[in-house]
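Notes for the one structure printed next.
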Amino acid sequence: MAKKRKPPSIKGSPRTFDPDFKGPVADRSCTDVLCCIIFILFIIGYILLGLMAWVHGDPRRVAYPTDSNGHFCGQKGTPNENKTILFYFNLFSCTSPSLLVNLQCPTTQICVSKCPEKFLTYMEMYFMYRTRENYWSYYSQFCKAASAKPVKAFTQLLLDDDCPTAIFPSRPFLQRCFPDFSTKNGLLTIGNKTTFNDGSGKTRNVVELRAAANGVNKILDARAIGMKVFEDYATTWYWILIGLTIAMLLSWMFVILLRVTAGFLFWVFILGVIGILAYGIWHCYQEYSKLQGKPNSHLSIYNIGIQTDISMYFQLKQTWFTFMIILAILEVIVIVMLIFLRDRIRVSIALLKEGSKAIGYIPSTLIYPVLTFIFLSICISYWAVTAVYLATSGTPIYKVIAPEGQCEHENKTCDPEIFNTTEIAKACPGAHCNFAFYGGKSLYHQYITTFQIVNLFIFLWLINFVIALGQCTLAGAFASYYWALKKPDDIPPHPLFTAFGRAIRYHTGSLAFGSLILATIQMVRLVLQYLDNRLKDAQSNISRFLQCCLKCCFWCLEHVVKFLNRHAYVMIAIYGQNFCRSARDAFNLLMRNVLKVAVMDRVTEFVLTLGKILVAGCIGILAFLLFTERIPMIVEGPTSLNYYWVPLLTVIIGSYLIAHGFFSVYAMCIDTIFICFCEDLERNDGSAEKPYFIAPTLHGILNKKQLVPQKQKE
């Protein structure tokens with residue numbers, strides 16, 4: 001009589017071996033209940049925080065500029081309804097040291113309906129008013145209060161600060177009047193002038209005005225670029241949508257083709273990426289050759305410094321040479337990896353085929369990234385709105401501002417209604433009581449910063465929870481596929497919906513636990529980055545080194561935790577255990593199969609990354625040919641673009657993200673199949689009583705690589 005076979009033991013695993021295990025456990029109980037309760041309480045608190053911010057906040061303070069009296073410019077139903085632009089009386093005051101403290105230019109600011117269009121000083125207007133009254137009607141638009149005629153002498157005007165001493169040509173930008181600079185014959189001008197009278201008897205240079213605006217030069221350059229970028233988007237938006245649609249269809253086509261032609265498609269990925277990189281190298285060489293002999297093309301990026309006009313960098317030979325070297329290095333890396341990983345790639349291709357079958361039997365998994373995108377959009381929108389309402393909570397706070405920066409009462413709180421009658425106005429002639437920011441003295445206002453930190457932390461927690469929910473749901477669906485002995489007959493109905501319901505009903509606490517760990521690490525990384533930015537100039541070399549080490553360690557820790565969490569969620573989807581036990585079992589399982597992990601994880605990620613690059617590269621090349629008008633005989637694209645690289649980068653990045661959404665389903669599918677495969681090897685021996693659940697074709701390839709143990713002898 002034959003001896004009864006003993007079930008094989010699982011070394012290093014705390015689970016009791018179950019010979020009747022046939023897939024994801026149906027009889028489950030709630031896991032990590034305490035963390036689930038804490039998570040729900042945090043969500044309720046987050047909702048209350050949003051409501052509290054909504055009650056106290058006022059987003060109009062972001063949408064509308066605020067004058068020196070704290071009134072909104074352009075707000076409907078107010079005297080400033082038709083005055084949508086903020087006007088600065090004296091931009092030269094913006095070089096005051098108080099600007100660094102208050103983040104406000106220490107000059108009177110009023111709301112106007114339009115910006116000045118010509119040079120005019122108060123004294124010039126005062127004398128010309130006697131012959132032509134329309135001078136005052138024009139100038140009075142930029143005074144605090146309009147009157148029938150200019151009644152104040154110049155000295156009294158300076159004391160009361162009712163009107164600017166001079167106006168000059170300006171244009172609105174971000175609802176504020178900024179000097180209308182232009183370049184003529186290589187010289188910076190304003191209104192075709194290089195010098196002008198500032199109204200106080202001094203002759204000013206245009207360069208002084210630009211410097212006095214405290215960074216207005218960069219803002220104005222950004223204005224020009226921003227307007228041009230907006231024009232490019234307005235011209236090419238439908239082409240961008242067409243490109244992203246093609247990227248979606250191409251990604252979907254690749255996913256479908258991987259089911260039947262994974263090997264062929266892999267070589268398409270390889271040759272396509274190599275071809276795209278080769279085309280990039282050739283194009284960079286062509287651009288580099290064209291710049292030979294051109295003036296200033298020999299300058300280095302260091303010589304021209306940081307420029308807001310990015311097109312200047314493309315006029316340097318060094319830029320194209322750098323791009324060419326980078327692409328050449330990437331080309332070599334791809335070819336070298338292809339040579340050294342050629343045997344392991346066969347295993348990866350086999351798993352891609354198996355993953356394609358799973359997705360083919362459960363096509364609804366390709367739609368799940370859309371649900372994840374909706375959840376993420378809701379979280380991001382709620383966080384952004386709450387942050388804006390928190391930032392705009394409070395009442396207007398007014399501070400004493402002295403243009404010369406020599407008042408002992410400067411930066412003290414004041415009341416603009418009675419400021420002129422106080423001792424401060426007498427002690428500091430020329431000082432003003434201007435609006436500074438929004439705040440308050442209540443308990444709520446004292447903890448605004450804390451609320452912003454809480455808002456950010458819960459946002460990170462929710463984002464990681466949504467991603468974890470998607471991973472656990474997809475893992476449950478694909479595990480149902482793997483553990484079906486007769487595919488597709490034994491696959492349960494609606495596996496994706498069932499897995500989603502199980503994850504929400506039983507494992508919200510476990511998913512919240514894993515997300516909490518990851519959110520905490522990300523929060524620490526953000527704090528370290530914030531401290532690095534704030535204390536950059538005050539740090540010693542040792543502190544910089546230590547901080548760099550800390551940031552590096554937490555970066556590594558974050559990626560390790562992401563890797564472990566991902567496989568822990570697979571174990572949760574299969575066995576329904578709590579997070580800590582699932583993470584421990586996943587870690588032990590991976591350590592027992594560490595060689596298979598080395599084969600699977602990196603190689604499969606390499607193959608899928610090639611697919612993403614191919615999709616983004618194909619769409620990018622088509623967009624490049626279209627936006628640079630290289631194929632007018634085939635299709636006539638947009639003409640007269642300011643920066644063709646703006647819509648081009650938008651299409652490339654958008655295409656990559658779309659491809660990432662589709663291929664991330666593949667990545668989760670392969671990870672789940674791999675975990676189930678390792679479990680299958682430990683639970684079964686390939687005999688008639690305990691057959692492998694793995695597909696015979698994949699079993700044959702893995703067996704040749706000695707990754708599957710031979711059948712145990714009696």
Side-chain angles (χ1 to χ4, degrees), residues 15 18 20-32 35-36 351 354-372 375 464-515 562-586 589-590 661-680 683 693-694:
R15 286 193 307 275
D18 181 9
D20 299 322
F21 179 76
K22 298 296 182 183
V25 177
D27 186 14
R28 300 173 181 241
S29 59
C30 295
T31 57
D32 296 304
C35 194
C36 179
L351 277 163
E354 190 68 18
S356 300
K357 292 180 183 178
I359 294 175
Y361 289 133
I362 315 175
S364 56
T365 53
L366 291 177
I367 308 299
Y368 192 85
V370 178
L371 183 62
T372 300
F375 286 157
N464 286 294
F465 176 82
V466 170
I467 295 174
L469 177 62
Q471 292 174 346
C472 189
T473 299
L474 291 173
F478 292 129
S480 299
Y481 160 83
Y482 184 93
W483 295 106
L485 188 60
K486 296 180 180 179
K487 302 175 178 63
D489 298 336
D490 291 346
I491 298 177
H494 313 296
L496 183 68
F497 179 79
T498 303
F500 181 80
R502 281 200 302 258
I504 289 292
R505 181 178 178 182
Y506 297 110
H507 307 304
T508 296
S510 298
L511 300 179
F513 192 8
S515 305
K562 281 183 178 180
F563 178 80
L564 291 177
N565 280 10
R566 185 183 182 91
H567 292 88
Y569 298 146
V570 176
M571 301 299 280
I572 290 173
I574 297 174
Y575 295 105
Q577 296 170 339
N578 61 47
F579 175 80
C580 291
R581 185 170 182 180
S582 297
R584 181 188 61 189
D585 291 348
L589 184 64
L590 293 173
F662 279 91
F663 285 104
S664 64
V665 175
Y666 245 104
M668 197 66 219
C669 176
I670 292 174
D671 281 349
T672 304
I673 290 176
F674 174 68
I675 290 291
C676 294
F677 162 65
C678 293
E679 286 284 297
D680 194 9
R683 290 184 173 279
F693 285 80
I694 191 173

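This one's a predicted model, so the numbers in the text were calculated from it and none came from an experiment.
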Distance col, row Y481:OH vs I491:CD1, nearest 0.5 angstrom, shows 7.0 Å
Does the side chain of L474 come within less than 4.5 Å of T672's, by heavy atoms?
no
Less than 4.5 Å apart, any side-chain heavy atom of Q577 and any of I572?
no
Derivation of the side chain to side chain contact (heavy atoms under 4.5 Å, CB included) call for V665 and Y368
CA-CA 8 Å; V665 175; Y368 192 85; 5.8 Å; no
In Å, rounded to the nearest 0.5 Å, how long is the span from CE of M571 to CD1 of I675?
6.5 Å
Heavy-atom closest contact (A477 atom, I362 atom, distance)
O-CD1, 3.3 Å
Taking all non-hydrogen atoms of both residues, which atom of L589 and which atom of C678 are closest, and how far apart?
CD1-CB, 3.9 Å
Drop me the distance from D671's CG to H567's NE2, to the nearest 0.5 angstrom.
4.5 Å
Looking at side-chain heavy atoms only, is the closest gap between S582 and Y575 below 4.5 Å?
no
Verdict with reasoning, M668 to R566, per side chain to side chain contact (heavy atoms under 4.5 Å, CB included):
CA-CA 9 Å; M668 197 66 219; R566 185 183 182 91; 3.8 Å; yes
Please name the pair of heavy atoms, one in G360 and one in P363, separated by the smallest distance, quoted to 0.1 Å.
O-CD, 3.6 Å
With rounding to the nearest 0.5 Å, note down the distance linking CG in N565 to OG in S510.
11.0 Å
Inter- and intrachain pairs under side chain to side chain donor-acceptor pair (under 3.5 Å), touching residues 496-507, at least two apart:
R28-H507, T31-H507
After noting the C-alpha distance and the side-chain angles of V570 and F674, does the key distance pass the side chain to side chain contact (heavy atoms under 4.5 Å, CB included) rule?
CA-CA 10 Å; V570 176; F674 174 68; over 6 Å; no
Between T508 and F465, is any pair of side-chain heavy atoms under 4.5 Å apart?
yes
Minimum heavy-atom separation for A499 and T473, please, with both atom names.
CB-O, 3.3 Å
Approximate separation, where rounding is to 0.5 Å, of L496 CG and I367 CD1:
10.0 Å
D32 (side chain) donor-acceptor with N578 (main chain) under 3.5 angstrom
no
Tell me, do C580 and F513 make a side-chain contact under 4.5 Å, heavy atoms counted?
yes
Can you label the angle between the F579 ring and the Y569 ring as parallel, tilted or perpendicular, going by 30° and 60°?
tilted
Side-chain heavy-atom pair L511, C472 within 4.5 angstrom cut-off
yes
